[in-house]
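Every value quoted in this text rests on a predicted model; they were computed, and no experiment measured them. Scope of the values below: all heavy atoms of this structure, side chains included, with no hydrogens, waters or symmetry mates.
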Amino acid sequence: MRFPRVLGGLVAAFLWLCVDSGSCDPVYSIQVSASGTEEGAQAHYDELIEDIYPVHLFSTTHVETNFPHRVAIGSFDYFAEAWVYRTRLDSERFEGAYIIELPENLAGNERQRGLSSMSLPIERVFDLEGMVPELAPSEASEIEGDNLKSSAMKGGAVSEEDVENIRRGIGISQLQVVSESVREKSVTSLSREELLEVGVHDRNPRGVPALERFIAENPEDPEVNHARMRLARRLMGRGDFVGVNSLLEAVAGDGSAAEVSMARQLQAYSHMHEKGSSQSVEQWRELANDRTHPRSLRLEAMRNAAGAAHSARWFPTAWLAFRDIEGVSDEAQATSEARMQLVGLALELANRDIGSMEEVERLAQSLKDLPDVTKEAMARSELMRLESILFRNDYERVLEEADAFLEEYSEYRKEYACVTVLKGAAMVMLRDFPDAEAILLDATEMELGGRDLFANTDQRATALSWLAYSRLLQGDVQGRIEFLQALEESYSHTLDWERAKAFHGYEQLKERVGGSEQSALTE
């Protein structure tokens, strides 16, 4: 099988140049063969270079071996990224491939070359045909003949204007707020126009029955599919996925190309909420790869596929997906978000001993090199950079940089709360217990809404967990139990509670303290 050399942003395997090559970190590659003769290695090199780029040929002299002549493919600034590519290689063609550091002379050449693309024989996540941002919109979305991939789409390709009209709801979106006279009527007495008004603007309790009646009584109405999709969104919020699927299947059965396209998007959202992220990755991927869709919808589907893969802990898929988004997006927000998500993946992989916390910091710092990077992405990546420093036990440095973060990014409540707790945690580890506990106690009183929390976490719970650990280090058993009890009472649904309960042996601790108190009373 041939793998064409793809230039520019189509294959997103980016490397950043070092200003001072003498101070650069290693360049990683994937060794795919070792030979006892130069001729054998050269033959394998010549075979691979026809359809793979880059390929490295070198000999090793620093170890005793019968196979000193090596061939490796790819060049990566990050071990984690090299791991991603190695996991996606054809295991039969490259049996026994493993990650190496390139010899310094080759590594220096790679940096001087400034590679911004690679062509390696891996299973890619997305078909990027038509997604190159530098092409004119008409060129990027032009679809003819065999390029029409989706037999379900009626009427050919979908235009950006079609999609925008569906998003706005055309006639539905132009309806005014429900008048008082309409509010006084029962749903059964409303006219066609009034049913739409109530269905759009009255979410509860009349919005759903109004849309249901409109759909039942007007099956041929030009607005019926818009009403079906509006109702599907309402039912999705209620968890009625059977109803959602029935409505969207009806749209798919008789809708225009744009309506079918949007219905498929809504079905993917519905399946993500109903079945979880792992069940929706392939559905988003299929939508992203459908060339009948306009570029905006494909990019939205790419972001959702990448996010779902990340949530499902499909690390190689998520990494490659975010790299592709970064490579094809021409919007600062999408590019910044993709790079920031890579930092998060690198942090999770480092916690699994794939890569390192030093790599996390370098990747986080690379956001500063992006043109027009968003401040929100910078805040999130800086948070993860500080976490990586804490994980390396460099507590003094956490304290040095936390205050600057809290001043610079005070408007981002999620990140602000996290860094506040990180600062308190660093003080605990430095045995500055009074100041640490003052910060952490303040953190437990922060007013945080649902939008101020990361999924499955609550920084107030994390603060209580660190307070319990602070009392453990001080030998204060009673104080430790009190903080654990507060954690259980308010945050028993969090991962912090599960971890703290196991770490402290909570039940046994209570029994031990209870037994000691009873013995004291007896004596």
Evaluate side-chain contact (heavy atoms from CB on, under 4.5 Å) for E382 paired with E408, printing each intermediate quantity in order. CA-CA 11 Å; E382 282 293 284; E408 176 71 16; over 6 Å; no
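- Residues meeting the ring pair (Phe, Tyr, Trp, His ring centres under 6.0 Å) test with W83, sequence neighbours left out: none.
- Looking at residues two or more places apart in sequence or on another chain, you find no ring pair (Phe, Tyr, Trp, His ring centres under 6.0 Å) involving F126.
- Listed by first and then second residue, the side-chain hydrogen bond (donor to acceptor under 3.5 Å, both in side chains) pairs that reach into residues 498-509 are R480-H504, E488-Y506, sequence neighbours excluded.
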Any chance you could lay out the side-chain contact (heavy atoms from CB on, under 4.5 Å) test for R512 and I481, step after step, and finish with the verdict? CA-CA 11 Å; R512 179 161 58 85; I481 288 178; over 6 Å; no
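- Within the 4.5 Å cutoff, side-chain heavy atoms of L320 are placed close to those of Y85.
- Put simply, the side chain of R392 reaches to within 4.5 Å of the side chain of E358, judged on heavy atoms.
- Scanning for side-chain hydrogen bond (donor to acceptor under 3.5 Å, both in side chains) contacts around S33 gives H44, with sequence neighbours left out.
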Check residues 467-474 and write down every donor-acceptor pair under 3.5 Å in which the side-chain atom is one partner and the other belongs to a residue at least two apart or another chain.
unit_1, atom_1, unit_2, atom_2, d
S470, OG, E437, OE2, 2.8
S470, OG, Q474, NE2, 2.9
R471, NE, E437, OE1, 3.3
R471, NE, E437, OE2, 2.9
R471, NH1, D476, OD2, 2.7
R471, NH2, E437, OE1, 3.0
Q474, NE2, E437, OE2, 3.0
Q474, NE2, S470, O, 3.2

For R323 and E326, what are the C-alpha separation, side-chain angles and deciding distance, and is it a salt bridge (Lys or Arg N to Asp or Glu O under 4.0 Å)? CA-CA 5 Å; R323 277 300 198 197; E326 184 181 2; 3.2 Å; yes
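- Considering all non-hydrogen atoms of both residues, Q265 and A301 come closest at NE2-CB, 4.2 Å.
- Atom-to-atom distance recorded for H69:NE2 and L57:CG is 9.0 Å, nearest 0.5 angstrom.
- When the ring pair (Phe, Tyr, Trp, His ring centres under 6.0 Å) test is applied to F58, no partner is found at least two apart in sequence or on another chain.
- For F315, there are no ring pair (Phe, Tyr, Trp, His ring centres under 6.0 Å) partners, not counting sequence neighbours.
- Side-chain contact check for M302 versus D324: some heavy-atom pair is nearer than 4.5 Å.
- Between K414 and R451 the shortest heavy-atom distance is CE-O, 2.8 Å.
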Step by step, would you call F322 with L345 a side-chain contact (heavy atoms from CB on, under 4.5 Å)? CA-CA 10 Å; F322 283 120; L345 286 167; 3.9 Å; yes
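- With sequence neighbours excluded, the residues that form a side-chain hydrogen bond (donor to acceptor under 3.5 Å, both in side chains) with E411 are K375.
- Counting heavy atoms from C-beta on, the side chains of M357 and L347 come closer than 4.5 Å.
- Partners of E282 according to the salt bridge (charged side-chain N to carboxylate O under 4.0 Å, His left out) rule, which considers only residues two or more places apart in sequence or in another chain, are R285.
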Using salt bridge (Lys or Arg N to Asp or Glu O under 4.0 Å), reason through D240 and R234 one step at a time and then give a plain yes or no. CA-CA 9 Å; D240 182 1; R234 300 280 176 84; over 6 Å; no
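- Taking OG of S388 as the reference point, atom CD of E359 lies at 11.0 Å (rounded to 0.5 Å).
- Using a 4.5 Å cut-off on side-chain heavy atoms (C-beta onward), L399 and K423 make contact.
- One finds no salt bridge joining R362 and D77 here, because no Lys/Arg side-chain nitrogen approaches an Asp/Glu carboxylate oxygen to under 4.0 Å.
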Checking T457 against T462 for the side-chain contact (heavy atoms from CB on, under 4.5 Å) test, could you report, in this order, the C-alpha distance in whole Å, the side-chain angles of both residues, the deciding distance, and whether it holds? CA-CA 8 Å; T457 64; T462 308; 5.6 Å; no
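- D394 is not listed as a side-chain neighbour of E400, based on a closest heavy-atom distance of 4.5 Å or more.
- L349 places none of its side-chain heavy atoms less than 4.5 Å from the side chain of F79.
- With hydrogens and angles disregarded, a donor-acceptor distance shorter than 3.5 Å links the side chain of N289 to the backbone of D127.
- A distance of 9.5 Å separates CD in E396 from CE in M427, rounded to the nearest 0.5 Å.
- By the side-chain hydrogen bond (donor to acceptor under 3.5 Å, both in side chains) test, Q341 is found to be paired with H310, E337, residues two or more places apart in sequence or in another chain being considered.
- In this structure, CZ in R86 is found 12.5 Å from OG in S29, a value given to the nearest 0.5 Å.
- Side chain to side chain, R339 and S366 meet the donor-acceptor criterion of an N or O pair below 3.5 Å.
- Listed by first and then second residue, the ring pair (Phe, Tyr, Trp, His ring centres under 6.0 Å) pairs that reach into residues 406-454 are F405-Y409, sequence neighbours excluded.
- Of all non-hydrogen atoms in S329 and R295, the two that sit nearest each other are CA-NH2, 4.1 Å.
- Contact annotation: the side chain of P121 approaches that of F94 to within less than 4.5 Å [non-hydrogen atoms, C-beta and beyond].
- Every residue two or more places apart in sequence or in another chain was checked for a side-chain hydrogen bond (donor to acceptor under 3.5 Å, both in side chains) with D432, and none qualifies.
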